[in-house]
There are 2 protein chains.
Amino acid sequence: MTDETPGLSPEELGAYFAVMEVSSLLQYAVDAHLRAEGDLSYVQFQILARLVDAPDGRLRMTDLADGVVYSRSGLTYQAGLLDKRGLITRSSSPDDERVIVVTVTDSGRGLVARVLPGHVADVRRLLFDPMATGDLAALSEVLGRVRAHMRATPPRSAKPRAKRRGAG
Amino acid sequence: MTDETPGLSPEELGAYFAVMEVSSLLQYAVDAHLRAEGDLSYVQFQILARLVDAPDGRLRMTDLADGVVYSRSGLTYQAGLLDKRGLITRSSSPDDERVIVVTVTDSGRGLVARVLPGHVADVRRLLFDPMATGDLAALSEVLGRVRAHMRATPPRSAKPRAKRRGAG
DNA sequence: CCTACTTGCTTCGAATTCGGAACAGGAGAA
DNA sequence: TTCTCCTGTTCCGAATTCGAAGCAAGTAGG
């Protein structure tokens, strides 16, 4: 793999850095607002938003984990916090006693409804306001392709001996 | 601000989610590889890469912090780890005794050179391979505008009473 | 029925991050 | 000079994350 590494062109390098910086700044700003308005971290908001969007407001722990956190234990921790605040409830599934079904409470729905307008306004102000006509379509097109490719390429296969210690 | 929140169109929502998911998966995959190949976290690699790219391989702590971490203390922690491994050195500036100048060692340069090909290959495989002709230019164009807008809009002004506790 | 294997979630220990407090070196005014 | 800010770094406590290990529940084979 030392022979065929053509490197990245300046434009590729700039695009790579731009993706990382934009997402980082966006998440940081959005997270700060969510904490200020609803005392919610970005991860907690994502969990609640997913539940609100789900049929009957119920999802299994495993389904919730996908795309939000990269470990089950992290979700257990966050679910514990949300449960303690009365924003969700957890109960065993009658079909499969192993499965924990998470349900949004009315309080949780109310909190999401209360912080959602500000959240949307933040995203619009930071991400979409500076865009020109056609930028949105172009961005969706490109990132849609990239996302589909990433989902089809599980990252696990590439790191057989990654010895990560602690939080990433 | 409750009257004028038109929400986000489905395409905007999709683009927003795509940005967050792509960057998250990309960072996760790249981080895993950096740890496997050089026992470096993504943040540590960013610090070393910045130093290698800087004139004389030297930067002040404050300049390093901008864009890498969101707190000075976090940079101090990482600099301590890199210093302990002999990848950087820290010394006071003769001009201003307050300033700490960070310098990459030969060992640090060697490590960056060793992990850079794999890092570049990861970025290419995950981010650029699925792109079609013209996608790169479009992405650079859009995100360049967004990034410039974000840099001109400091996030501090929008969260006067954010009471964050611990890591974000 | 009983044993082996898999799946789903939680507990535990370690690592990383942040904000604020504390500390030290310069710059300017009287 | 001395006093008062300002800049820059480090220390500390709290919060969040991950991986590994442990435990309960379901599934397949004999």
Side-chain angles (χ1 to χ4, degrees), chain A residues 24 27-29 31-32 34-36 39-47 59-66 68-85 88 90-102 155-156 159-168, chain B residues 24 27-29 31-32 34-36 39-47 59-66 68-85 88 90-102 155-156 159-168:
Chain A
S24 178
Q27 179 167 350
Y28 187 80
D31 186 88
L34 288 172
R35 285 177 198 275
D39 211 5
L40 282 176
S41 72
Y42 188 60
V43 170
Q44 291 169 347
F45 173 76
Q46 280 181 301
I47 293 172
L59 281 175
R60 305 187 310 163
M61 290 285 283
T62 299
D63 296 334
L64 258 182
D66 296 343
V68 176
V69 291
Y70 290 104
S71 68
R72 311 291 189 214
S73 51
L75 179 61
T76 296
Y77 174 76
Q78 290 295 342
L81 293 181
L82 294 175
D83 194 347
K84 194 157 41 181
R85 288 177 59 183
I88 64 170
R90 286 178 289 182
S91 56
S92 296
S93 169
D95 293 339
D96 192 334
E97 279 294 327
R98 297 171 300 178
V99 173
I100 300 290
V101 175
V102 182
R156 306 292 176 179
K159 57 174 184 63
R161 70 196 64 199
K163 48 172 181 176
R164 305 181 74 255
R165 299 183 299 270
Chain B
S24 179
Q27 179 167 351
Y28 186 80
D31 186 89
L34 288 173
R35 286 179 198 274
D39 211 3
L40 283 176
S41 71
Y42 188 60
V43 171
Q44 291 169 346
F45 173 75
Q46 280 181 301
I47 292 173
L59 282 175
R60 303 186 309 167
M61 288 285 282
T62 300
D63 297 333
L64 259 183
D66 297 340
V68 175
V69 293
Y70 288 105
S71 69
R72 303 298 158 88
S73 49
L75 179 60
T76 296
Y77 174 74
Q78 292 295 339
L81 293 180
L82 294 175
D83 194 347
K84 192 157 42 178
R85 288 176 60 182
I88 64 171
R90 288 177 288 183
S91 56
S92 296
S93 169
D95 295 338
D96 192 334
E97 278 294 326
R98 299 170 299 181
V99 174
I100 300 289
V101 176
V102 182
R156 307 290 175 181
K159 58 171 186 65
R161 70 196 64 200
K163 49 171 182 176
R164 305 181 75 253
R165 299 182 299 270

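In this text, all values refer to a predicted model and were calculated from it rather than measured experimentally. Chain A is the first sequence line, chain B the second, and so forth, proteins listed ahead of strands; every chain is numbered from 1.
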By side-chain hydrogen bond (donor to acceptor under 3.5 Å, both in side chains) - contacts of A:Arg85 (at least two apart): none
First encountered from the 5' end of DNA chain D, between A:Val43 and B:Thr62: B:Thr62
B:Asp63 CG to D:dT9 P: how many Å, rounded? 9 Å
Checking C:dC18, C:dT10, D:dT9 against the side chain of A:Ile100 (C-beta onward), the nearest is C:dT10
What's the closest nucleotide to the side chain of A:Tyr28 if the choices are D:dG8, C:dC9, C:dC18? C:dC18
With a 4.0 Å limit, can you tell me whether A:Tyr77 has a side-chain N or O closer than that to the phosphate oxygens OP1/OP2 of D:dT16? yes
In whole Å, I'd like the distance from the CG atom of A:Leu75 to the P atom of D:dG19. 14 Å
From the list C:dG19, D:dA20, D:dT17, which nucleotide is the closest neighbour of the side chain of A:Ser73? D:dA20
Give every pair of a protein N or O atom and an N or O atom of nucleotides 21-25 of chain C that lie under 3.5 Å apart, one pair per line with the distance.
unit_1: C:dG25; atom_1: N2; unit_2: B:Arg98; atom_2: NH1; d: 2.7

A:Leu59 atom CG is separated from C:dC9 atom P, nearest whole Å, by 11 Å
Taking OH from B:Tyr42 and C1' from D:dT17, how many angstroms apart are they, rounded to a whole number? 18 Å
d(CG, A:Asp83; C1', C:dC9) in whole Å: 14 Å
In Å and rounded to the nearest 0.5 Å, what is the CG to CD1 distance from A:Leu59 to A:Ile88? 11.0 Å
For B:Phe45, give me all partners under ring-ring contact (aromatic ring centres under 6.0 Å, His included), at least two apart in sequence or on another chain. B:His119
Rounded to whole angstroms, how far apart are CD on A:Gln78 and C1' on C:dT10? 15 Å
Length of the line joining B:Arg72:CZ and D:dT7:P, which is rounded to integer Å: 11 Å
In chain order, what residues pass the side-chain hydrogen bond (donor to acceptor under 3.5 Å, both in side chains) check against B:Arg90, with sequence neighbours excluded? B:Asp83
With sequence neighbours excluded, tell me which residues meet side-chain hydrogen bond (donor to acceptor under 3.5 Å, both in side chains) with B:Arg72. none
Quick one: side-chain hydrogen bond (donor to acceptor under 3.5 Å, both in side chains) partners of A:Ser92, sequence neighbours excluded? none
Please classify the nucleic acid contact of A:Leu64 as base, sugar-phosphate, or nothing, using heavy-atom distances under 4.0 Å. nothing
Figure out the CG/P separation between B:Asp31 and D:dT17, and round it to whole Å. 15 Å
Of the nucleotides D:dT16, D:dT10, C:dC18, which one has an atom closest to the side chain of A:Arg35? D:dT16
Which distance, rounded to the nearest 0.5 Å, do you find between the CG of A:Asp31 and the OG of A:Ser41? 6.5 Å
Below 4.0 Å: OP1/OP2 of D:dG19 and any side-chain N or O of A:Ser71: no
